[in-house]
Amino acid sequence: MVKLGKVLAGIGSVALVMTLAACGQSKQSSSNKQLADKQVLNLSTTETVSTLDSAKASESVSLTQLYHTDEGLYRLGKNSKLENALATHTTVSKDGLTYTFKLRDDDKWNNGQTVTAKDFVYAWRRVVAPKTAAGYAYLFEGVKNYDAISKGKMSANQLGVSAPNKTTLVVKLSEPVPYFKLLLAFPTFFPQQQSAVEKYGSQYGTTSQKTAYNGPFKSVGWTGTNNTWKLAKNPNYWDKHDVHLNTINFQVVKSPSTGLNLYNQKKLDVTPLSGTQVANYAKTAGFQKFVGGSTMYLQMNQKRVKALKNVKVRQALAQAINKSALANKVLRDGSTAPKGFVSTNLTQNPKTKADFADDAYVKSGVTYDLANAKKLWLPE
Amino acid sequence: MKQVGQKTLTLDLLSDDTDQAKTTTQYLQDQLERLPG
């Protein structure tokens with residue numbers, strides 16, 4: 001097991017955003033305001049896409065694309081509230097072990113074929129099959145037979161998911177999973193079109209062309225390695241009337257200064273700002289703060305460096321890092337020092353609404369104490 | 001470090017190829033180098 005060191009949490013971000021009021025995607029703005037003539041958005045990412053195969057995607061750039069190009073049973077709305085997407089009705093058995101989903105029958109793949117419950121069964125079996133090597137397969141922990149399948153002791157066809165007909169999906173769990181519905185809005189649980197996956201084989205998801213889409217947009221022009229591509233409105237998407245954007249252009253921008261130049265030239269509609277830029281632009285129109293919910297950490301390779309197996313060595317490394325200074329003096333982008341491994345703003349106590357990170361705060365686990373770190377490192 | 005029988009430790013830090021990641025990693029390197037050895 002690799003242990004994780006806590007370094008920094010509560011990553012905020014700050015960005016300059018073009019005045020987009022006339023270009024909004026929400027119903028509210030379309031009813032109150034005139035839409036811009038050109039429904040085009042120009043965005044940047046820090047890396048190129050690594051895969052469009054929803055079974056295999058495990059990093060944020062790819063997952064962000066998949067949220068636009070595909071859709072699962074649910075989607076997350078404001079404040080991560082679950083909303084029906086392809087599911088229209090869900091029943092959960094009293095013991096919490098059986099979920100029955102009724103699916104809409106009017107969503108189509110980009111080739112016109114209808115999305116059915118079988119596409120979920122196919123996708124999920126593919127994710128859990130060990131030969132797929134899906135990075136997020138472990139999210140299926142709790143679905144019946146997942147453990148045995150992951151160890152190669154059972155066929156993926158034995159996974160607790162079935163499609164009694166085209167619009168009914170039944171999932172059996174081995175134990176109640178209170179957050180199961182939330183998982184279903186994550187790309188690893190999205191449906192896949194068997195004919196497309198089999199047609200392209202190991203090439204599936206490696207380019208825009210070799211991928212099937214059932215979401216609001218389809219990817220266009222990504223060759224697998226290039227730094228510019230776009231998302232184009234998918235005319236086969238069931239909810240297309242609520243999608244106002246025609247095109248989202250993406251380009252890889254690695255440095256915030258390049259991003260700022262492109263923004264000033266009106267070639268980007270949004271650009272993230274680094275700490276040094278914030279001071280100069282904090283009072284500019286378009287400056288916005290976004291509160292995130294993610295944690296950055298150092299992952300210690302205990303296989304490569306034997307000394308990292310020693311808990312005192314790891315504690316010394318963790319305590320030698322001044323996290324507040326890193327957040328406030330180095331990054332200066334709205335980040336805060338961590339209260340634990342789980343970020344602030346991620347989830348709340350359902351009864352008290354207190355932030356989980358505050359409830360779970362163990363000061364000694366994240367504190368900065370160089371003197372103590374030195375003692376742990378070289379005891380007297 | 002006595003427990004692990006070493007006097008010095010060399011670590012390689014791997015990070016993203018972005019400006020922010022470079023700044024962060026340099027800072028971490030600087031912080032960790034304050035430990036003796």
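Here the structure is a predicted model, which means the values were calculated and not measured. In the text below, chain A, chain B and the rest are named by the order of the sequence lines, each starting its count at 1.
Among residues two or more places apart in sequence or in another chain, the ring-ring contact (aromatic ring centres under 6.0 Å, His included) test is passed with B:Tyr27 by none. A:Ala357 is linked by a side chain to side chain contact (heavy atoms under 4.5 Å, CB included) to A:Lys339, A:Thr344, A:Asp355, counting only residues two or more places apart in sequence or in another chain.
Between chain B and the residues A:Val313, A:Leu370, A:Leu308, the largest count of heavy-atom pairs under 4.5 Å involves A:Leu370.
With hydrogens and angles ignored, the 3.5 Å screen pairs no side-chain donor or acceptor of A:Trp377 with any backbone N or O of B:Met1. Remark: the backbone N or O of A:Asn322 is paired with a side-chain donor or acceptor of B:Gln31 at under 3.5 angstrom.
Only the side chain of B:Leu13 comes within contact range of chain A, with at least one heavy atom under 4.5 Å from a heavy atom of that chain. Using a 4.5 Å cut-off between heavy atoms, A:Lys312 touches chain B through its side chain atoms alone.
The CG atom of B:Leu35 lies 7.5 Å from the NZ atom of A:Lys374; values are rounded to the nearest 0.5 Å. Atom CG of A:Asn301 sits about 10.0 Å away from atom CG of B:Leu14, to the nearest 0.5 Å. Atoms CD1 and CG, from A:Ile321 and B:Leu28 in turn, are 5.0 Å apart once rounded to the nearest 0.5 Å. Separation of atoms CZ (A:Arg304) and CG (B:Asp12) is listed at 4.5 Å; rounding is to 0.5 Å.
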Test side-chain contact (heavy atoms from CB on, under 4.5 Å) on B:Thr23 and A:Leu331 and set out the steps.
-> CA-CA 8 Å; B:Thr23 316; A:Leu331 292 168; 5.8 Å; no
